[in-house]
Amino acid sequence: MSHSDISNAGVAALLYETAELLELSSENQFRIRAYQKAARIIDGLGKNAAAMSREELLAVNGIGKGIAAHISAIKETGAFPELEELRKKFPPGLREMLKVEGIGAKRARLLYEKLGVDSPAKLRAAARSGEIEKIEGLGEKLQENILAGSACLPAGRERVHGAPARMLYWPALKLAGELIKELSLLGFERAAYAGSLRRGRETVGDIDLLAAGRPDGSATGRFAKLEQVERVLALGPAKASVRLKAGIQCDFRIVPGGVYGAALNYFTGSKEHNIVLRELARKKGLSLSEYGLCRLSDAEQKYPLAAKTEQEIYEALGLQFIPPELREGAGEVELASKKLVPELVTLADIKGDAHNHTDFSDGQNSMEEMVRAAAECGFSWYFAGDHSKPLGVVHGLDFKEYSSTRDELSALASRFPALKLGRSIEMEILKDGSFGFTDKEAAGTELVIGAVHSSFKLAETAMTERMLKAMQNPYLDAVAHPSGRLIGRRDPAGALDYPRLFQAAARTGTAFEINGQPDRQDLTDLTARMAGEAGVKILLSTDAHSAGQLAYMSIAVTVARRAGLTRKDILNSLSYGDFCEWIRERRSRALKGSR
DNA sequence: GCCGTTTTCGGCCCGACTGTTTTCAGTCG
């Protein structure tokens with residue numbers, strides 16, 4: 001059996017597993033770190049590690065003879081001898097226990113050897129029966145924390161024990177905004193959110209807040225007493241961790257104003273990004289921490305070379321500034337050292353939205369209200385949209401209704417002179433890939449954005465074929481939310497063959513959407529990156545179902561930034577005239593191609 | 001296990017907080 005087509009993520013998972021098992025074995029920590037580092041590097045590698053030659057692998061910094069040999073064994077057997085030996089030493093549940101808060105390798109092994117505890121469930125049972133506090137080195141408090149940690153599940157959300165529920169980006173952003181407002185009322189002049197929220201991750205596991213001030217204990221104390229706080233997890237002079245009533249953890253850190261930039265950089269992460277930066281600093285005879293970039297000789301960190309702003313830290317390391325959205329430790333530091341970080345699209349580049357809804361279908365606001373909101377949020381063009389038939393539950397429009405409501409839109413034009421108006425349709429892509437409109441009707445529709453809302457459960461190949469068939473229609477200008485996922489509620493359509501879809505889209509000129517609805521974010525950062533690399537144009541959409549939801553454009557922009565996209569990739573950066581020209585031209589090319 | 005414009009041996013990212021100790025290991029991010 002061959003495993004030569006194993007993905008980089010698959011190889012990385014095996015190396016991470018090895019690292020965890022080595023930790024349980026109390027191995028040399030630097031050996032463990034070498035495995036973690038190799039896993040991280042392979043996960044972020046541009047090409048498939050299993051397909052690389054030994055020489056190519058050895059040329060990668062962080063991969064040596066040992067790991068290269070492991071990879072070659074993985075290709076043959078799906079694992080490697082050392083890993084298989086380690087797997088025999090510990091029951092698999094022990095690795096699950098490491099996910100429990102307060103349990104690391106040392107304690108997991110201790111509990112296994114003394115009590116035979118080898119799963120999170122047995123751990124809880126042992127805590128309940130009071131066996132844990134009897135073990136030397138452990139105590140009553142740990143026992144309580146194990147039980148408390150599994151007890152405080154946020155209402156209405158499920159989670160695997162030890163893996164806290166994650167919150168969507170948008171509500172987390174709102175919550176962080178609220179907390180920062182509270183902090184400013186408490187007298188903090190400078191406060192910001194950092195962490196995965198600042199990196200724009202689609203969901204966040206906690207909220208990281210940073211403030212400038214004196215770490216004398218009074219600041220963290222005041223933070224811990226905020227009304228939003230449910231329970232204090234840790235409280236020191238420089239740092240406080242709490243669980244919020246909203247059901248998510250919040251870490252608050254306070255640093256002197258003079259090192260605010262260094263702290264913001266450290267606290268924004270990711271962990272992987274920080275490690276790469278710190279290793280780079282080491283190589284230059286420097287040391288990087290949340291207190292600044294210092295010479296190694298300056299052990300007290302009294303004379304930082306850079307600390308005030310993030311910008312000066314990257315500069316002092318010989319790097320281009322790296323926007324937070326790219327700080328995942330996936331090759332961005334190398335890119336920055338070559339001055340190749342792309343100039344990411346910003347909200348200011350966005351001139352309009354094309355996918356949204358009025359109360360003609362399932363929107364909450366009238367066409368006039370939507371248009372007014374679009375004008376107020378500074379767009380220079382706006383395609384007012386609605387669902388097409390035959391989506392009955394949301395009053396999908398037929399072509400006649402499309403045309404009459406188009407006339408209604410035209411009548412609004414004189415009242416909003418700064419806004420150029422168009423009418424779009426979110427076109428049903430039926431089970432066989434055909435449209436809810438005839439070709440002639442589609443030709444008479446200004447902008448066709450195709451979407452699937454039924455028969456999600458097609459087999460992987462069938463769903464891909466359905467989309468490919470739809471793309472053969474010359475009037476399909478863009479594809480909306482292709483995976484159909486609703487984060488936390490509906491899984492993405494069984495692995496779509498994205499490379500094939502994007503190849504086809506590049507050929508037909510069909511754009512793909514990044515949907516900005518908080519629970520969609522579809523394309524994702526990863527698939528949007530693939531689309532961009534394949535040369536597919538991207539349409540950012542609010543999919544607004546009410547006037548207020550036009551603000552979701554900033555979510556779509558954030559996903560696009562994480563995907564490394566520039567304004568050139570994004571159709572919304574075109575002027576109204578150029579956008580209409582893009583539609584006209586792609587349709588005429590597609591018509592020629594289909595003949 | 002990996003690495004080297006000080007090194008092929010001796011280093012390896014850095015700091016905060018807790019709990020159980022009695023000066024620090026373990027955990028976390």
Side-chain angles (χ1 to χ4, degrees), chain A residues 15 18-19 22-23 26-41 57-71 80 82 97-111 132-133 135-146 149 162 164 194-196 204-208 210 215 217 220 224 232-242 249-255 259 262-263 265-294 296-297 299 301 317 329:
Chain A
L15 295 177
T18 307
L22 287 172
E23 268 192 292
S26 304
E27 253 285 352
N28 177 324
Q29 55 161 323
F30 298 111
R31 237 187 114 209
I32 295 166
R33 199 176 297 159
Y35 273 99
Q36 289 169 336
K37 183 178 172 182
R40 200 171 65 233
I41 288 166
L57 285 171
L58 289 176
V60 178
N61 204 298
I63 299 179
K65 287 179 193 166
I67 305 270
H70 289 337
I71 292 175
F80 48 93
E82 170 148 31
M97 267 169 61
L98 299 178
K99 294 177 187 160
V100 177
E101 237 182 80
I103 302 295
K106 295 281 159 59
R107 286 172 186 165
R109 188 166 167 197
L110 187 65
L111 288 160
I132 287 178
E133 63 175 329
I135 296 176
E136 195 180 334
L138 307 181
E140 192 183 355
K141 201 77 187 176
L142 181 70
Q143 191 164 273
E144 278 172 22
N145 286 344
I146 288 168
S196 51
V204 301
D206 64 8
I207 291 175
D208 295 311
L210 174 71
T220 50
V232 177
L233 304 171
L235 183 62
K239 190 180 152 183
S241 289
V242 302
Q249 185 170 325
C250 180
D251 294 334
F252 175 73
R253 185 72 189 263
I254 185 141
V255 294
V259 300
N265 181 245
Y266 150 76
F267 219 25
T268 298
S270 64
K271 186 173 195 284
E272 289 74 19
H273 178 81
N274 287 351
I275 291 174
V276 177
L277 281 189
R278 287 171 180 195
E279 282 171 351
L280 179 65
R282 273 267 148 184
K283 279 189 198 150
K284 293 175 184 286
L286 307 170
S287 164
L288 179 64
S289 78
E290 55 263 53
Y291 297 112
L293 183 68
C294 299
L296 278 174
S297 53
Q301 307 193 26
L317 286 169

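Naming: A, B, ... by sequence-line order, numbering from 1 per chain.
- Contact between the side-chain N/O atoms of A:Lys271 and the OP1/OP2 oxygens of B:dG29 is not found at any separation under 4.0 Å.
- B:dC14 atom P lies 12 Å from atom CD of A:Gln29, rounded to whole Å.
- A:Ile32 comes within 4.0 angstrom of nothing in the nucleic acid, heavy atoms only.
- Straight-line distance between the C1' atoms of B:dG19 and B:dC13: roughly 25 Å, to the nearest whole Å.
- Nucleotides B:dC2 and B:dT6, compared at atom P, are 23 Å apart to the nearest Å.
- In this structure, B:dT8 makes no Watson-Crick or G-U wobble pair, since no nucleotide meets both defining distances under 3.5 angstrom.
- Within the nucleic acid shown, A:Ala38 has no heavy atom closer than 4.0 Å to any nucleic acid atom.
- In summary, the side chains of A:Tyr266 and A:His273 do not present any donor paired with an acceptor at a separation below 3.5 Å, with no hydrogens or angles considered.
- Within residues 282-290 of chain A, the residues having any heavy atom under 4.0 Å from DNA chain B are, by residue number, A:Arg282, A:Ser287, A:Leu288, A:Ser289, A:Glu290.
- Proximity note for A:Ala238 (side chain, C-beta onward) versus B:dC2, B:dG26, B:dC17: the nearest is B:dC17.
- The phosphate of B:dA16 (OP1 or OP2) has a side-chain N or O of A:Tyr291 nearer than 4.0 angstrom.
- Although no hydrogens or angles enter the test, the distance criterion places a donor-acceptor pair under 3.5 Å between the side chain of A:Thr220 and the main chain of A:Gly217.
- Spacing of P atoms, B:dG26 relative to B:dT20, comes out at 14 Å, to the nearest Å.
- The backbone N or O of A:Ala105 sits nowhere less than 3.5 Å from a side-chain atom of A:Glu23 that would complete a donor-acceptor pair.
- Taking atom C1' in both B:dT18 and B:dT23, the straight-line distance is 15 Å, to the nearest Å.
- No donor-acceptor pair under 3.5 Å is formed between the side chain of A:Gln249 and the backbone N or O of A:Asp206.
- Atom CZ of A:Arg31 and atom OG1 of A:Thr18 lie 9.5 Å apart (nearest 0.5 Å).
- For residues 268-279 of chain A, every residue pair satisfying the salt bridge (Lys or Arg N to Asp or Glu O under 4.0 Å) rule, not counting sequence neighbours, is listed here: A:Lys37-A:Glu279, A:Arg278-A:Glu290.
- Taking the C1' atoms as reference points, B:dG4 lies 8 Å from B:dT8, given to the whole Å.
- Which of B:dG1, B:dT18, B:dG4 sits closest to the side chain of A:Asn61 comes down to B:dG4.
- Remark: the separation of the P atoms in B:dT22 and B:dG15 is 27 Å, to the nearest Å.
- Residue A:Arg278 places its side chain closer to B:dC13 than to any other of B:dC3, B:dC13, B:dC17.
- Heavy atoms of A:Glu82 sit under 4.0 angstrom from primed sugar atoms or phosphate atoms, though from no base atom.
- Note on A:Tyr266: a base of the nucleic acid sits closer than 4.0 angstrom, heavy atoms only.
- A distance of about 23 Å separates the P atoms of B:dT5 and B:dG1, rounded to the whole Å.
- As a whole-Å value, the separation of A:Ile103 CD1 from B:dC28 P is 8 Å.
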